[in-house]
Amino acid sequence: MISAANHVPLSPLSFLARARRAFPDKVAVVDADESAVSYAELGRDCDALAGALRADGIQPADRVAVLDLNSRWLLAAHFAVPGAGAALVALNTRLAAGEYRDILAHSRAKILLVSGDMLPRLDVRTAAGLPAGRVVLLPGTPAAALPGAVTYDEWLADADRRGMVLPADEDAMIAVNYTSGTTGRPKGVIYTHRGAYLNALSVALEFELTAASCLLWTLPMFHCNGWSMTWGGTAVGATHVCLGSFDPQRALDLAGRYPVSHLCGAPVVLSELARAGALPRPRRRSPRCSRWASR
């Protein structure tokens, strides 16, 4: 008989729970501005975000959309949104304004978290122009950037203290991913906690990821949740180095200054990297080099 004593729902949320216990001081994420946060800090970010979502009325199976380039906040949303019981809708950063409105309406997103870099893509003058219950501006974006939206810090002030909570049902939605709309309007595809858990571990095994691995995010995190590397890299306590949007020279620069061991990308990404520089660059550790250690 299955009971709480012998059964735990499979969920990628358990990956972050383990990483923050096993590697609290290790660098979890180097953001696009090269600020670094540890796994302990990432865990606290996710707890606060999950608490803010619940305090704002998010219920199980609600959808929460995020429009951001690769960043610590988009990575955190992959844990915090399902940690609040909701499903993440990570929006493609290359769509037209009308497509964003279609996706927000179709997914029935209750909340949209958006960065200042992506606001021009939405082509709206106020938050009321978007089909979402609330629009939250991610850190670094002033309130004046979109009247009617709330800043992240203001929104976080009402967060509850429960932190992330594992789902009771491993077949619950963890994400709804939308196609690019090349054959019509974008279509949503549902991922479950169980499916994401199994796929993330498969990716980690196939790529031979370990706690010593350092992932350079040349792949958009919105793309099938970064091929599940958002969760798979965290499962082993690897370090995520965020490249906001793909730029081959910037990618090579980051690979030269951080101990990058893995990246993902379509063939065109690899060819652009090869074209940008045929000779490897010497690696220099970041000033926080002691925090790269797995223990």
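This one's a predicted model, so the numbers in the text were calculated from it and none came from an experiment. What you see below is based on every heavy atom in this structure, not just the backbone, and it leaves out hydrogens, waters and symmetry mates.
Here the side chain of T141 pairs a donor or acceptor atom with the backbone of G116 at under 3.5 angstrom. A donor-acceptor contact shorter than 3.5 Å is absent between the side chain of T93 and the backbone of L69. No donor-acceptor pair closer than 3.5 Å links the side chain of H262 to the backbone N or O of S213. The main-chain N or O of V269 is never found under 3.5 Å from a side-chain atom of E272 such that the two would form a donor-acceptor pair. With hydrogens and angles ignored, the 3.5 Å screen pairs no side-chain donor or acceptor of R257 with any backbone N or O of A255. In this structure, the side chain of T218 engages the main chain of C264 through a donor-acceptor pair within 3.5 Å. Distance alone, capped at 3.5 Å, is enough to place a donor-acceptor pair between the K26 side chain and the A211 backbone. R18 places a side-chain N or O within 3.5 Å of a backbone atom of A235 that can act as its donor or acceptor partner. Without hydrogens or angle criteria, R54 side chain to G163 main chain gives a donor-acceptor distance under 3.5 Å. A donor-acceptor contact shorter than 3.5 Å links the side chain of S71 to the backbone of L74.
Residues A159 and A55 share a closest heavy-atom pair of CA-CB, 4.2 Å. Nearest heavy-atom pair, L49 versus Y152, reported as atom, atom and distance to 0.1 Å: CB-OH, 3.7 Å. Residue G43 comes nearest to L16 through the heavy atom pair CA-CD2, 4.4 Å, listed as atom of the first residue, atom of the second, then distance. The two atoms that bring N70 and D31 nearest to each other are O-OD1, 4.5 Å, heavy atoms only.
Sequence neighbours left out, the pairs with a member in residues 114-128 that pass side chain to side chain donor-acceptor pair (under 3.5 Å) are D68-S115. For residues 42-53, the set of pairs meeting the side chain to side chain donor-acceptor pair (under 3.5 Å) definition, not counting sequence neighbours, comprises R20-D47, D45-R72.
Between F23 and Y39, the ring planes lie tilted relative to each other; the angle falls in the 30° to 60° range. In this structure, Y191 and W231 have tilted ring planes: the angle between them lies in the 30° to 60° band.
Take L198 and apply the side chain to side chain contact (heavy atoms under 4.5 Å, CB included) test, not counting sequence neighbours, and it matches L10, R194. Annotation: ring pair (Phe, Tyr, Trp, His ring centres under 6.0 Å) contacts of F15 (sequence neighbours excluded): Y197. For T151, the side-chain hydrogen bond (donor to acceptor under 3.5 Å, both in side chains) partners two or more places apart in sequence, or in a different chain, are E154. Not a single side-chain hydrogen bond (donor to acceptor under 3.5 Å, both in side chains) links H223 to another residue, sequence neighbours left out.
Counting heavy atoms from C-beta on, the side chains of V30 and L254 never come closer than 4.5 Å.
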